[in-house]
Undergrad: 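Starting off with a structure, shown below.
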Amino acid sequence: MPLTIAIDGPVGAGKSTISDAVASRLGILHLDTGAMYRAVGLCALKNGLDLDDEKSVSALCVSDECRVDVRYENGAQVTLLNGLDVSREIRAQEVGQAASSVSRYREVRQVMVDRQQEMAKSQPMLLDGRDIGTVVLPSATVKIYLTATPEARATRRMLQLREKGDETPYEEILKEVNARDYQDTHREVTPLRQAEDAILVDSSNLSFDETVEKILSIVEAKQ
Ligand code: DC
């Protein structure tokens with residue numbers, strides 16, 4: 001079986017950027033599975049669906065109107081919706097919320113999980129998400145649960161937003177982080193949780209580089 005690394009954790013723990021750095025140091029591809037749920041969320045928004053309507057969201061997800069694909073350009077993930085590159089569009093705050101909503105549904109999750117397992121079958125890969133160690137790759141070579149306190153995650157998010165000129169107040173960001181944590185850990189279908197055999201990495205007091213090094217050392221020890 002090819003090398004598989006599962007990194008799960010709550011919103012704002014830095015999974016995506018940390019995973020990118022770890023995968024590139026190891027010379028393997030990184031699949032950001034959240035991007036796939038975001039593409040479904042975007043599709044549902046574009047079609048004007050009520051995100052609480054499980055039936056219509058699920059029907060859309062399995063239809064030809066909502067083809068989510070991933071391709072790699074120079075090692076970097078490009079997320080496609082119906083053949084169009086939506087990698088930037090899916091980063092909007094509103095799309096993140098929509099992704100969290102649509103990811104509650106069993107059928108949506110099944111389509112995504114099948115696609116993710118297919119991709120990780122034939123090549124060494126690092127996948128990050130919420131259910132990688134528990135559902136997508138239960139026998140991953142290495143499982144990491146990457147987290148940080150809600151306050152640390154909200155502070156990081158605030159600094160990122162400030163860089164883009166977005167002045168959303170800290171309290172509002174913290175509220176959003178807590179709301180997403182609640183939704184992701186309380187949904188009925190495969191809620192976010194640490195796999196029993198996952199190694200906990202708390203990055204609250206670690207720099208970006210320290211977190212990357214810590215994960216690389218865990219991978220090295222496992223191999
Ligand atoms: O990691 P992210 O914020 O881009 O993910 C967006 C949403 O998608 C997140 O709120 C929960 C959902 N998600 C999921 O349920 N399972 C995954 N493997 C990845 C993301």
Side-chain angles (χ1 to χ4, degrees), residues 5-25 30-42 44-45 51 70 76-79 81 85-104 112 126-133 144-187 190-194 198-216:
I5 302 174
I7 301 189
D8 291 301
V11 67
K15 290 189 304 295
S16 269
T17 41
I18 300 274
S19 296
D20 254 344
V22 171
S24 112
R25 286 275 294 274
H30 163 216
L31 176 62
D32 169 1
T33 62
M36 299 171 71
Y37 288 94
R38 283 171 179 265
V40 177
L42 177 65
L45 288 176
L51 301 179
V70 167
Q77 176 173 339
V78 177
T79 307
L81 174 61
D85 180 355
V86 290
S87 309
R88 283 175 77 91
E89 216 178 329
I90 55 172
R91 293 297 145 203
Q93 187 88 343
E94 180 196 19
V95 179
Q97 268 304 336
S100 186
S101 295
V102 301
S103 68
R104 288 173 295 169
M112 296 295 118
L126 183 157
L127 276 70
D128 87 270
R130 306 290 194 285
D131 59 343
I132 310 303
I144 308 279
Y145 191 81
L146 180 62
T147 190
T149 61
E151 291 74 17
R153 290 183 279 130
T155 304
R156 285 183 201 151
R157 177 84 188 129
M158 184 182 73
L159 295 174
Q160 276 170 358
L161 290 173
R162 293 287 180 278
E163 269 178 26
K164 292 189 225 156
D166 183 325
E167 297 294 324
T168 309
Y170 170 79
E171 285 69 27
E172 201 175 304
I173 299 170
L174 182 60
K175 222 168 113 187
E176 157 87 5
V177 165
N178 282 321
R180 276 264 237 125
D181 281 357
Y182 187 87
Q183 186 152 311
D184 292 346
T185 53
H186 285 78
R187 67 172 175 234
T190 56
L192 168 67
R193 67 171 178 85
Q194 182 179 346
I199 296 167
L200 179 75
V201 175
D202 184 335
S203 70
S204 306
N205 297 308
L206 297 179
S207 69
F208 180 86
D209 288 344
E210 286 168 337
T211 311
V212 171
E213 291 306 327
K214 181 157 192 158
I215 294 177
L216 283 169

Undergrad: Could you check whether any side-chain heavy atom of I7 comes within less than 4.5 Å of a side-chain heavy atom of I215, counting everything from C-beta outward?
TA: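 A side-chain contact under 4.5 Å exists here.
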Undergrad: Is it the case that atom OH in Y170 sees more than 12 heavy atoms from other parts of the structure closer than 6.0 Å?
TA: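 Counting neighbours around OH of Y170, more than 12 heavy atoms of other residues, nucleotides or ligands fall under 6.0 Å, so yes.
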Undergrad: Provide the closest heavy-atom pair for R187 versus L192 in the form atom of the first, atom of the second, distance.
TA: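 So the two residues come closest at NH2-N, 4.2 Å.
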Undergrad: Would the distance check show the side chain of T79 and the main-chain N or O of V70 forming a donor-acceptor pair, the cut-off being under 3.5 Å?
TA: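 Judged by distance alone, no pair lies under 3.5 Å.
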Undergrad: When you measure from the side chain of R91 to the backbone N and O of R88, does any donor-acceptor pair fall under 3.5 Å?
TA: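 Pair absent, no side-chain N/O of R91 close to backbone of R88.
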Undergrad: One thing to verify: whether R25 and E213 come together as a salt bridge, which I'm taking to mean a side-chain N less than 4.0 angstrom from a carboxylate O.
TA: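 Looking at E213 and R25, the cut-off is met.
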Undergrad: So, taking the atom named CG in D32 and the one named CG in L127, what distance separates them when rounded to the nearest 0.5 Å?
TA: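 The CG atom of L127 is 9.5 Å from CG of D32, to the nearest 0.5 Å.
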Undergrad: Can you tell me if S204 and D202 form a side-chain donor-acceptor pair at under 3.5 Å?
TA: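 Per modelled atom types, S204 and D202 side chains form a pair under 3.5 Å.
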Undergrad: For S203, run the side-chain contact (heavy atoms from CB on, under 4.5 Å) check against K214, R156, E210 and tell me which one passes.
TA: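 Only one option passes, and that is R156.
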Undergrad: For D184, enumerate each residue passing the salt bridge (charged side-chain N to carboxylate O under 4.0 Å, His left out) test, keeping only those at least two apart in sequence or located in another chain.
TA: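 Scan of D184 (salt bridge (charged side-chain N to carboxylate O under 4.0 Å, His left out), adjacent residues dropped) gives R130.
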Undergrad: With no hydrogens and no angle check, just 3.5 Å: does a side-chain donor-acceptor pair link Q183 and Q97?
TA: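 Short answer, no.
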Undergrad: Taking side chain as C-beta onward, heavy atoms only, is V22 less than 4.5 Å from H30?
TA: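 No, too far: nothing below the 4.5 Å cut-off.
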Undergrad: Distance from T155 atom OG1 to Q160 atom CD, nearest 0.5 Å?
TA: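 Output value for this atom pair is 11.5 Å.
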Undergrad: Could you report the tightest heavy-atom contact between R38 and G96, atom names first, then the distance?
TA: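 Reported closest heavy-atom pair: NH1-CA, 3.6 Å.
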Undergrad: For the CG atom of D20 and the CG atom of L126, what is their distance to the nearest 0.5 Å?
TA: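 Atom-to-atom, D20:CG and L126:CG are 9.0 Å apart.
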Undergrad: Check the pair I132 / D128 against side chain to side chain contact (heavy atoms under 4.5 Å, CB included), numbers first and verdict last.
TA: CA-CA 7 Å; I132 310 303; D128 87 270; 5.7 Å; no
Undergrad: Are there more than 12 heavy atoms of other residues, nucleotides or ligands under 6.0 Å from atom CD of E94?
TA: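 For E94, atom CD is not crowded (no more than 12 foreign heavy atoms under 6.0 Å).
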Undergrad: Hey, mind stepping through R157 and L161 against side chain to side chain contact (heavy atoms under 4.5 Å, CB included) and telling me if it holds?
TA: CA-CA 6 Å; R157 177 84 188 129; L161 290 173; 3.6 Å; yes
Undergrad: For residues L45 and L51, determine if any side-chain heavy atom of one lies less than 4.5 Å from a side-chain heavy atom of the other.
TA: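 With C-beta onward as the side chain, the pair touches.
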Undergrad: Would you compute the distance between atom CZ of R180 and atom OG1 of T185 and round it to the nearest 0.5 angstrom?
TA: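 OG1 of T185 is found 12.0 Å from CZ of R180.
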Undergrad: Supply the atom-to-atom distance I173 CD1 to N178 CG, rounded to the nearest 0.5 angstrom.
TA: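 One finds 12.5 Å between CD1 of I173 and CG of N178.
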Undergrad: Can you name the nearest heavy-atom pair linking G133 to A6, along with the distance?
TA: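 Smallest interatomic distance, heavy atoms only, reads N-CB, 3.8 Å.
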Undergrad: What pairs of donor and acceptor atoms, side-chain ones from residues 145-154 against any protein atom, are under 3.5 angstrom apart with sequence neighbours left out?
TA:
from, atom 1, to, atom 2, distance (Å)
T149, OG1, A152, N, 3.0
R153, NE, A148, O, 2.8
R153, NH1, V11, O, 2.6
R153, NH1, D181, OD1, 3.1
R153, NH1, D181, OD2, 3.4
R153, NH2, D181, OD2, 2.7

Undergrad: Any chance you could measure L216, atom CG, to I18, atom CD1, to the nearest 0.5 Å?
TA: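 Spacing of CG (L216) from CD1 (I18) equals 10.0 Å.
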Undergrad: Just by distance, do the side chain of K15 and the backbone of D8 share a donor-acceptor pair under 3.5 Å?
TA: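 Checked: no pair found.
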